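The structure under discussion appears below in the form of C-alpha cells.
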Amino acid sequence: MTTALEIASAVRDPELPVLTLADLGVLREVSEEDGRVVVTITPTYSGCPAIDEMGADLRRTLISAGFSEVEVRLSLSPAWTTDWISREGRSKLAAAGIAPPARVGPSAAGPVPLNLVPPSRQVACPQCGSLNTSEISRFGSTACKALRRCHACSEPFEHVKEI
Amino acid sequence: MSFDNAYESLLGHEDAHWAFGTGFSEALSGVNREFPTGVDRDALAAYCLMVGDDALILSQRLSEWCSRAPELEEDIALANIALDLLGQARMLLTRAGEVLGRDEDALAYLRDEREFRNVHLAEIDCGPGPGGDFATTIARLLVFSSWRLALFSCLRGSADPVLAAVAEKGLKELAYHRDHAAQWTVRLGDGTDESHRRMQAGLERVWPFVDELFARHRVEAALTGVAVDPASLRSEVDGVLDAVLSAAGLTRPADRRAARVAGMAGRDGVHTEAMGFLLAEMQHLHRSLPGAVW
Ligand SMILES: [Zn+2]
C-alpha cells in the first residue's frame, strides 16, 4: 500500500514543476490520524502566490488516492530556506537549465550584512558549466529565482537564489 | 496530473484553482495563533494593523511601477518586492482580524482612510506619478526597507508567535529589498551628473518622512515584549543609511520633519492628501462589485 507520505511527496511544485514539493523542501510533515491525513507545508516567500495551489494539489491528489479527509496546514516557522532543497532536487534543477542555490547555512546572529554590490557568488552555468557568470537581476520570473548570464556561452539562465 | 505545460495546472475547474485573486485560503491557516497571556489584544490588533498597513500601502505604491519602470528587469524586481510585502501584509491583517472579527479582505478593502495606520512614507507619491521618479522610489525603498529590516530583526523575539514568525520569514525578504535599493542608490548616486542630481533630489523628497518612523506610539508602549520601540532602531538604521550614502557620494539631507495635524500622523489614522487617491484605486473594484473574484 502506498502511504499518504509517498503520495504527498510526489506532488509537483506549480512554479518549478521539475521539482516535487518534497524536493523543494516546502512539504514539512505528513501524518495520518484515524484515516484523516494532515499535511503541513510552508511558503517559500511570504507572498508566494503558489501556496494555495500547492495545498489544492495535495488535497486533490490525496483524495483521488482514496483518503477521504485531508487537511492542509501552513507553517511559518522555521522559515523556509533554500538549504531545504534536496540533493535530488538540485540535480533536477540543473538538468532543467536552472542553476541550483549554494548552501547558505544557519544565519549568523547580529545585524544582517548589507551588500552594496551583488555578492560575487560562483554560480556555474547550467548549459556549459562555466563559472564565468554574472547576475543580471536579483529578481526573476518567480520570487525564488534570479536571472544570470554566462560569459562563456553567452546564454542567460535562471538561478534559484539563496535565502 | 501532467505538468508538461506549467500553465495547464492553472486551467482546472475547481474553485481552489486561482490565477491571482480567487480561492485564496486564509493567510494563517494552521499557524500557531495562541495569544500570549496577559497581552492587550486590542493593542496587539492595532499594532498588527500598523505593521501590516505599512506593507500593504507600499506594496500598492510599488505595483504602480509595473510596466513603467526604466527597464523590464526593474518592472519584475519592484513587482516581486511588492508581492513579498503583500504577503507580509496578508498575515498581519489576518492576525489583526482575529481580534477585530474581520478578515484580511475586509480590512484591506473596506476600511476608510482614517482607519489605516501606515506611516506617511509608505503612502506618498514617489513616482511614477508626478510626486517623484524612479530615483525617488529607490530613495523611499532604501529608507523603508532599512527601517523595516531593523524592526523585523527585533520582532523575531516578540512574545506573539505570529509576529515572531512573520518577522523571521520577512527578514530574509527585506534583506534582498534593502540590497536592491542600496545597489541602485550607489549606481545612481555614483553615476552621471543627472542620475546623481535625481538621486539626491529623491532623498530630499522622502527625508521629511523619516522622523515618523522612529516616533514611539502609545500602542507600541502598551505592548512591552510584543512590540518594538522604534526609537531603539534609529542608530542602526542611521548607520546603514550613512554607509550607503557615503558609498554613493550623496549627502544626507538636513533633518526636517513633515507637518503633523495636532501632533498626529499615520499611526493615528491621519494621512497625507495622497492616501485618498491611493485607496480609491486600491478599493474601488471591491467596493463597486463586492466579493468580485477573477
Ligand atoms: Zn554557459
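In what follows, chains carry the letters A, B, and so on, assigned in the order in which the sequence lines appear, proteins first and then strands, with residues in each chain numbered from 1. Computed from a prediction, not measured in an experiment: that's the story for all the values here.
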Is [X] close to chain A through its backbone or its side chain, or both, or neither, when contacts mean heavy atoms under 4.5 Å?
X	value
B:L86	neither
B:L174	neither
B:V186	side chain

Contact class of [X] relative to chain B, heavy atoms under 4.5 angstrom:
X	value
A:V117	backbone
A:S64	neither
A:P43	both

Practice prompt. Measure the OG1-CG distance between B:T185 and A:L116 for me, rounded to the nearest 0.5 Å.
Written response: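 These two atoms lie 9.0 Å from each other.
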Worksheet item: What orientation do B:H177 and A:F139 show, parallel under 30°, tilted 30 to 60°, or perpendicular over 60°?
Response: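 Taking A:F139 first and then B:H177, their aromatic rings sit tilted (interplane angle of 30° to 60°).
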Fill in: Trace of the side-chain contact (heavy atoms from CB on, under 4.5 Å) decision for A:R138 with B:Q183
CA-CA 11 Å; A:R138 189 85 66 93; B:Q183 289 165 21; 3.0 Å; yes
Item to complete: Consider only side-chain N and O atoms of B:Q88 and A:S46, and report whether a donor and an acceptor are under 3.5 Å apart.
Response: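 There is no such pair (donor and acceptor under 3.5 Å, judged by atom type) between the side chains of B:Q88 and A:S46.
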Item to complete: State whether the side chain of B:E168 and the backbone N or O of A:A79 hold a donor-acceptor pair below 3.5 Å, judged by distance alone.
Response: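 Yes, the answer is positive, given that a donor and an acceptor are paired below the 3.5 Å cut-off.
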Item to complete: For each of A:S77, A:S141, A:P111, tally heavy-atom pairs with chain B at distances under 4.5 Å, and name the one with the top tally.
Response: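 It is A:S77.
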